[in-house]
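Inspection log for the structure reproduced underneath, given as structure tokens.
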Number of protein chains: 2
Amino acid sequence: MNNSMTEGSEPTLTDKFQRGNVLASSCPSRSILQDVTSRWGVLVLFALLQGTHRFSELRKAIAGVSEKMLSQTLHALEADGFVLRTAHPVIPPHVEYSLTDSGHEVANRVEELVNWIEVNINPILSARDKYSSLKSD
Amino acid sequence: MNNSMTEGSEPTLTDKFQRGNVLASSCPSRSILQDVTSRWGVLVLFALLQGTHRFSELRKAIAGVSEKMLSQTLHALEADGFVLRTAHPVIPPHVEYSLTDSGHEVANRVEELVNWIEVNINPILSARDKYSSLKSD
DNA sequence: AGTATGTACTTTCTTTTGGTAAGTATAAGC
DNA sequence: GCTTATACTTACCAAAAGAAAGTACATACT
């Protein structure tokens with residue numbers, strides 16, 4: 001695994017061997033993980049892999065998001081340094097969102113997960129059907 | 001990307017080129033994705049990568065999870081065919097949870113995401129600090 | 001006989017989060 | 001001076017999550 005971040009301070013060896021910490025509730029990774037794996041966070045990262053998008057474009061691209069949730073999700077991802085917000089001072093407002101370098105890193109991993117699920121969706125769904133028919137017997 | 005599922009019916013070419021569907025709200029991948037990336041789903045999959053666990057072991061391993069949520073999460077992952085539940089008919093009950101083959105596939109991808117975050121936690125957190133100090137100015 | 005113990009849940013109730021819809025700001029165009 | 005466009009925020013209600021107590025049942029202890 002490669003670790004490339006724009007912000008300096010590379011992870012130390014100690015960091016690398018302090019593994020499995022997410023399972024401890026106090027671990028700050030939990031909070032980051034929740035931003036990234038939140039219902040809309042996943043989809044925003046995935047959508048931004050296609051390139052820069054405006055707010056309204058993201059809203060259209062990600063079917064079902066409310067403006068409130070999209071705004072909230074983008075803020076969280078921006079705070080974590082995964083998303084870059086560029087506001088052009090015009091009226092009506094024009095704001096663009098794109099992935100930072102670290103955002104690209106997480107988004108790539110999210111994409112792998114999403115892709116695997118999309119490719120294997122059929123067997124998974126039939127597993128679901130089989131399960132629910134067993135349970136209803 | 002390799003696709004190996006225990007259940008037959010490999011994904012067709014059509015499946016593979018029907019990409020970006022998660023962004024459509026009706027796509028069933030959304031539902032699977034939510035099970036996998038749910039707050040506790042991620043941690044359960046991650047924990048089960050270490051091997052088979054009993055219910056009470058998982059509860060202890062995953063700090064902060066309530067029994068209700070653990071039970072709910074395990075059911076969802078079992079229904080999707082990611083987790084295998086083995087109940088030994090004894091009293092007091094003895095139930096073991098493990099990953100299926102497809103569970104391993106998703107869990108591996110979840111692990112990559114989790115590991116990346118854990119390794120890069122420091123720069124991310126300092127990005128957060130910088131962001132919040134900018135916002136409070 | 002009655003009580004405690006251990007395990008894997010389920011149920012009830014409260015709190016937090018998410019969704020829906022309407023409101024806000026502001027300049028340009030009709 | 002009324003509408004339009006864009007990126008939000010706010011207020012309100014529904015849904016989900018969290019906390020804590022309850023359930024089932026055999027075995028062991030008093």
Side-chain angles (χ1 to χ4, degrees), chain A residues 22-26 30-44 47-48 52-79 83-98 131 134-136, chain B residues 22-26 30-44 47-48 52-79 83-98 131 134-136:
Chain A
V22 255
L23 297 179
S25 57
S26 57
R30 282 258 186 113
S31 151
I32 309 285
L33 198 58
Q34 279 181 58
D35 290 342
V36 170
T37 63
S38 69
R39 172 162 190 194
W40 304 114
V42 173
L43 300 178
V44 165
L48 287 179
T52 299
H53 283 78
R54 300 182 63 173
F55 185 87
S56 52
E57 290 170 348
L58 283 173
R59 204 192 49 202
K60 264 175 262 172
I62 303 170
V65 223
S66 68
E67 300 192 328
K68 173 185 152 190
M69 278 298 107
L70 182 55
S71 172
Q72 214 169 94
T73 303
L74 285 168
H75 271 125
L77 293 176
E78 192 196 354
V83 162
L84 180 68
R85 193 189 109 112
T86 314
H88 300 98
V90 294
I91 284 178
H94 186 119
V95 183
E96 289 181 336
Y97 293 92
S98 56
Y131 181 85
L134 280 179
K135 291 284 155 173
S136 62
Chain B
V22 252
L23 297 179
S25 56
S26 56
R30 281 260 186 110
S31 150
I32 308 286
L33 197 57
Q34 278 180 57
D35 289 343
V36 170
T37 64
S38 69
R39 173 159 190 195
W40 303 115
V42 173
L43 299 179
V44 165
L48 287 180
T52 300
H53 284 77
R54 300 181 62 172
F55 185 87
S56 53
E57 290 170 347
L58 283 173
R59 205 191 49 204
K60 266 176 259 172
I62 303 171
V65 71
S66 70
E67 300 193 328
K68 173 184 152 190
M69 278 298 107
L70 182 55
S71 172
Q72 216 169 92
T73 304
L74 285 168
H75 270 125
L77 293 176
E78 192 196 355
V83 162
L84 179 70
R85 191 188 110 113
T86 314
H88 300 98
V90 293
I91 285 176
H94 186 119
V95 182
E96 289 182 334
Y97 293 93
S98 57
Y131 181 85
L134 281 178
K135 292 284 154 174
S136 62

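All values derive from a computational prediction rather than experimental measurement.
- You can see that DNA chain C meets the heavy atoms of chain A within a 4.0 Å-exclusive cut from C/dG18 to C/dA27, reading 5' to 3'.
- Judged by distance alone, the side chain of B/T37 and the main-chain N or O of B/L33 form a donor-acceptor pair under 3.5 Å.
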DNA chain C in dot-bracket form (Watson-Crick or G-U pairs under 3.5 Å, [ ] crossing, | inter-strand) is ||||||||||||||||||||||||||||||
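- Taking the six-membered ring where tryptophan is involved, the planes of B/H94 and B/H88 are perpendicular, since the angle between them exceeds 60° and thus also 30°.
- Considering only heavy atoms from C-beta on, B/V44 comes within 4.5 Å of B/L70 through its side chain.
- The nearest whole Å value for the distance from the NE2 atom in A/H53 to the P atom in D/dT6 is 15 Å.
- Closest approach of B/R85 and B/A87 over heavy atoms only: NH2-CB, 3.6 Å.
- Residues B/P93 and B/F55 form no side-chain contact, since every pair of their non-hydrogen atoms from C-beta on lies 4.5 Å or further apart.
- Between B/T52 and B/S98, the shortest heavy-atom contact is OG1-CB, 3.4 Å.
- Counting all heavy atoms, side chain and backbone alike, A/L43 lies closest to B/R30 at CD1-NE, 3.2 Å.
- With hydrogens and angles disregarded, no donor-acceptor distance shorter than 3.5 Å links the side chain of A/R54 to the backbone of A/E96.
- Contact of the B/V65 side chain with the B/L58 side chain is not registered, since no non-hydrogen atoms from C-beta on lie closer than 4.5 Å.
- Note on A/S56: only backbone sugar-phosphate atoms sit closer than 4.0 angstrom, heavy atoms only; bases stay farther off.
- Put simply, NE2 on A/H94 is 11 Å from C1' on D/dA7, counting in whole angstrom units.
- Across every non-hydrogen atom of A/G41 and A/L77, the tightest pair is O-CD1, 4.1 Å.
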Protein-nucleotides 9-17 of chain D N/O pairs under 3.5 Å:
from  : atom 1 : to    : atom 2 : distance (Å)
D/dT9 : OP2    : A/S71 : OG     : 2.9

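- One interatomic measurement links the two molecules: NE2 of B/H88 to P of D/dA26, which rounds to 19 Å at whole-angstrom precision.
- Pairing each heavy atom of B/Y97 with each of B/V83, the nearest pair is CD2-CG1, 3.8 Å.
- Across all strands shown, B/R85 has heavy atoms under 4.0 Å from sugar-phosphate atoms exclusively, and none from any base.
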